[in-house]
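These values consider heavy atoms only, across backbone and side chains, with no hydrogens, waters or symmetry-generated copies. Everything numeric here is computed off the predicted structure, so don't read it as measured data.
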Amino acid sequence: MSETAPRHASASDITTHPDAMEMRQRFAKVVEGPSASTLDGLVILLGLYMAVSPWVVHFHAANPDVTVNNLVIGLSMAAFGFGLALQPERLYRLGWIAVPIGVWMIISPWVVTQGHSAPKAIIWNNLCIGAVAVLLGLAMQGFTMGASRARR
């Protein structure tokens with residue numbers, strides 16, 4: 001092993017690669033670009049809409065379980081979006097988290113409600129929210145994969 005490489009570095013450890021700094025800079029450029037900033041903003045807006053949707057669609061009084069679910073998940077999604085905007089280099093690799101959140105939003109009207117049935121307004125609201133969340137998660141992964149390919 002060379003003197004410059006740490007002893008714990010494995011053959012697949014990228015930190016010893018001569019172009020590691022350049023690869024980090026390219027990745028940072030991609031995730032801080034205007035398209036990535038647009039995605040960050042959309043994640044924040046989607047999270048805020050998730051949180052207020054019980055009052056927008058007027059089911060907050062009739063279905064308190066779904067109201068709490070949408071409020072908590074929405075605030076979490078908005079916080080994730082703010083994190084993406086503040087620390088994109090660290091959090092863009094976690095963009096896949098939006099996909100299971102979207103899937104949860106799609107199935108939550110049946111899982112969370114008593115009797116496992118919900119009014120059509122709640123179903124359509126959460127279906128649209130969940131579909132957008134899944135698409136945003138896939139788009140974030142596309143940026144991450146594109147940045148990884150640009151590094152090669």
Side-chain angles (χ1 to χ4, degrees), residues 8 10 12-15 17 20-152:
H8 64 277
S10 66
S12 64
D13 190 8
I14 192 82
T15 59
H17 193 277
M21 183 59 81
E22 180 185 350
M23 290 188 287
R24 279 192 209 107
Q25 290 171 346
R26 283 187 193 167
F27 183 74
K29 184 191 277 187
V30 169
V31 298
E32 291 177 354
S35 298
S37 297
T38 302
L39 277 177
D40 301 344
L42 290 174
V43 170
I44 293 168
L45 289 175
L46 179 66
L48 292 175
Y49 177 74
M50 279 182 195
V52 301
S53 66
W55 290 272
V56 172
V57 184
H58 303 291
F59 62 82
H60 61 91
N63 291 8
D65 297 334
V66 180
T67 300
V68 170
N69 176 68
N70 284 18
L71 181 65
V72 170
I73 299 296
L75 292 176
S76 300
M77 187 76 154
F80 179 64
F82 280 117
L84 285 171
L86 295 174
Q87 293 289 326
E89 308 88 29
R90 299 187 74 154
L91 290 178
Y92 248 87
R93 291 184 183 107
L94 294 176
W96 63 270
I97 290 174
V99 175
I101 288 174
V103 170
W104 171 253
M105 290 304 290
I106 291 170
I107 65 170
S108 67
W110 294 282
V111 175
V112 174
T113 56
Q114 293 178 355
H116 303 293
S117 63
K120 288 182 183 177
I122 296 173
I123 293 171
W124 280 107
N125 178 63
N126 282 20
L127 178 72
C128 293
I129 290 172
V132 171
V134 168
L135 290 174
L136 286 174
L138 293 174
M140 284 185 276
Q141 285 307 294
F143 272 106
T144 303
M145 291 173 62
S148 296
R149 287 188 181 140
R151 287 190 291 197
R152 292 181 190 167

Chi angles and distances behind the side chain to side chain donor-acceptor pair (under 3.5 Å) call for Asp65, Thr113: CA-CA 6 Å; Asp65 297 334; Thr113 56; over 6 Å; no
Would you say that Gln141 contacts Val99 through its side chain, given a criterion of any heavy-atom pair below 4.5 Å between the two side chains? no
Can you measure from CD1 (Ile129) to CD1 (Ile101) and round to the nearest 0.5 angstrom? 12.0 Å
Under the side chain to side chain donor-acceptor pair (under 3.5 Å) rule, what pairs show up with a residue in residues 79-88, not counting sequence neighbours? none
Where is the tightest heavy-atom contact between Met50 and Ala133, given as atom of each residue plus distance? CE-CB, 4.2 Å
What heavy-atom pair brings Ile106 and Ala131 nearest, and what distance separates the two atoms? CD1-N, 4.0 Å
Identify the heavy atoms of Asn70 and Met105 that sit nearest to each other, and give their distance. OD1-CE, 3.3 Å
Residues forming a side chain to side chain contact (heavy atoms under 4.5 Å, CB included) with Leu48, sequence neighbours excluded: Ile44, Ala78
His116 and Trp110 aromatic centres sub-6.0 Å: no
Do Met140 and Leu94 have side chains that get closer than 4.5 Å, going by heavy atoms? no
Can I get a per-line list of side-chain donor-acceptor pairs under 3.5 Å for residues 118-125, giving both atom names and the distance, sequence neighbours left out?
unit_1	atom_1	unit_2	atom_2	d
Asn125	OD1	Tyr49	OH	2.8
Asn125	ND2	Ser53	OG	3.3

Considering non-hydrogen atoms only, spot the tightest contact between His60 and Thr67 and give its length. CA-OG1, 3.1 Å
Residues Pro54 and Ala51: closest non-hydrogen pair is CD-O, 3.6 Å
Any idea which heavy atoms bring Ala98 and Gly137 closest together, and the distance? CB-CA, 3.6 Å
Taking it one step at a time, do Leu42 and Val132 satisfy side-chain contact (heavy atoms from CB on, under 4.5 Å)? CA-CA 9 Å; Leu42 290 174; Val132 171; over 6 Å; no
Taking C-beta and beyond as the side chain, do Trp104 and Asn69 meet within less than 4.5 Å on heavy atoms? yes
Scan Leu45, Leu86, Leu84, Leu136 and name whichever one has a side chain to side chain contact (heavy atoms under 4.5 Å, CB included) with Asp40. Leu84
